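Order of appearance sets the numbers: ligands from 1, and atoms from 1 within every ligand. These figures come from a predicted structure and were not determined experimentally.
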Amino acid sequence: MTDPAPFVRFQRVGKTYDGGASAAVRDLDLDVAPGEFLTLLGPSGSGKTTTLMMLAGFETPSTGAILLEGEDISRRPAHKRGLGMVFQNYALFPHMSVAQNLAFPLQVRRMGRAEIKTRVEKALAMVRLEGFGHRRPAQLSGGQQQRVAVARALVFEPKAVLMDEPLGALDKSLREQLQYEISRIHRELGVTVLYVTHDQSEALTMSDRIAVFNKGRVEQCGTPDALYDQPANLFVAGFVGENNFIAADIGGSDDGHVHATSPAGRMLATPAGVHAGKAVIAVRPERVLLEPAEAPHVTRLAGTVSERYFAGDHVRLVVKLASGEEVAVKASRLDAERLPDPGEDAIIGWRTADAHAFPPDRPGAAAAPPSPKELEPA
Ligand code: ADP
Ligand code: MG
């Protein structure tokens, strides 16, 4: 938040519904740099769509302000914000051809015919649909339709494009293919993208930065590496990537690490917000060591293998500790021959730098009482 003039700035933005009874977005401060690919990531109901709709101009903030290039646009009508949009089910006009769909935003802006033709062709090439201009949307696959939707959002060269779960309706391989396509288009055009998804792997793949939403608040905002390697709290540790969690009591700390104990044994971890008392140790499955040699700064815990799966590019083991907690382990297939089978004993462990000790309850979690809305079953 040091740049005085970011491209987009959310300034203490709040959005409540039902006369203030329920808060969809709370106290949001978020800056977006020009040309950045910023993803709003979070579970369903965490406020991502509401945030995007306030920027688009389809919702009005209850409190705070939204600045675009330094100007307060909080009350500016949507069509005067110059933003492109792609939604999961943002239907193309079914009675128009693909080319007519792409021409529409340009006609609205009163562009000349010759320029429209050039731009439509350029947009089709950008999404690799040259020669599809005469087709109706119904004559395209789901993936092709979303490419047209992306092209339509970009055809008028908007200041930024907002995408809300644009790949949510597609199957996995098509989704992955279009993730790369959208990333490539972002790189080629240098356009600012605000992207919404609940899929953490999609967010990690595509984003320059990710804002992790939970209950209307941003828990952490940072690069994919930073969120993955230094999650700020247990929520982010559990939501971004996969993690094992082991409850423990911290007995002491020295030299930048903490000693902890639990019925599972004695552990070492890197403190992440707690230096004494109750903690939860988080360690990622790919960082769990099997049969580690005794060494300084290496934790070793005895357990029993309860499950073993072939997972294509790796082997996945589940090891039950003396505490009853289960730890997932991602092991290399290259080691498959010497991996233990279900029922066998195993020693697991980790390097101290790979395990983080979090406070069991997130700081601030108790400060904001849940709204009545949050107490309803999802
Ligand atoms: P997300 O996109 O992260 O799934 P949303 O922004 O759609 O979340 O919703 C955030 C919260 O606001 C949810 O609890 C949702 O039920 C509530 N909400 C969203 N839109 C409305 C509305 N028009 N009226 C009342 N509550 C709403
Ligand atoms: Mg949503």
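Between the side chains of Asp225 and Thr223, not a single donor N or O lies within less than 3.5 Å of an accepting N or O. For the residue pair Asp72/Ser74, the side-chain donor-acceptor check at 3.5 Å is satisfied.
Here Thr50 fails the criterion, with no N, O or S atom under 2.8 Å of the Mg ion (ligand 2).
For ligand 1, the atoms closer than 4.0 angstrom to any heavy atom of Ser44 are 4 (O). Against a heavy-atom cut-off of under 4.0 Å, Thr49 is close to the following atoms of ligand 1: 1 (P), 2 (O), 6 (O), 7 (O). Of all atoms in ligand 1, listed by their number and element, those nearer than 4.0 Å to a heavy atom of Pro43 are 3 (O). Every atom of ligand 1 with a heavy atom of Ser46 under 4.0 Å away is listed here by number and element: 1 (P), 3 (O), 8 (O).
Considering backbone and side-chain atoms alike, Ser22 places every N or O at 3.5 Å or more from each N or O of ligand 1. Of the N or O atoms in Ala24, none lie within a sub-3.5 Å distance of an N or O in ligand 1. For ligand 1, the polar-atom distance check finds no N/O of Thr51 at less than 3.5 Å from any of the ligand's N/O atoms.
Using a distance-only test at 3.5 Å, with no hydrogens or angles considered, a donor-acceptor pair links the side chain of Asn244 to the main chain of Val283.
Using a 4.0 Å cut-off between a side-chain N of Lys or Arg and a carboxylate O of Asp or Glu, Lys159 and Glu69 qualify as a salt bridge. Under 4.0 Å is where a charged nitrogen must lie from a carboxylate oxygen, and between Arg308 and Asp341 at least one such pair does.
Judged by the 6.0 Å distance and 45° axis criteria, Arg109 is not positioned over the aromatic ring of Phe104.
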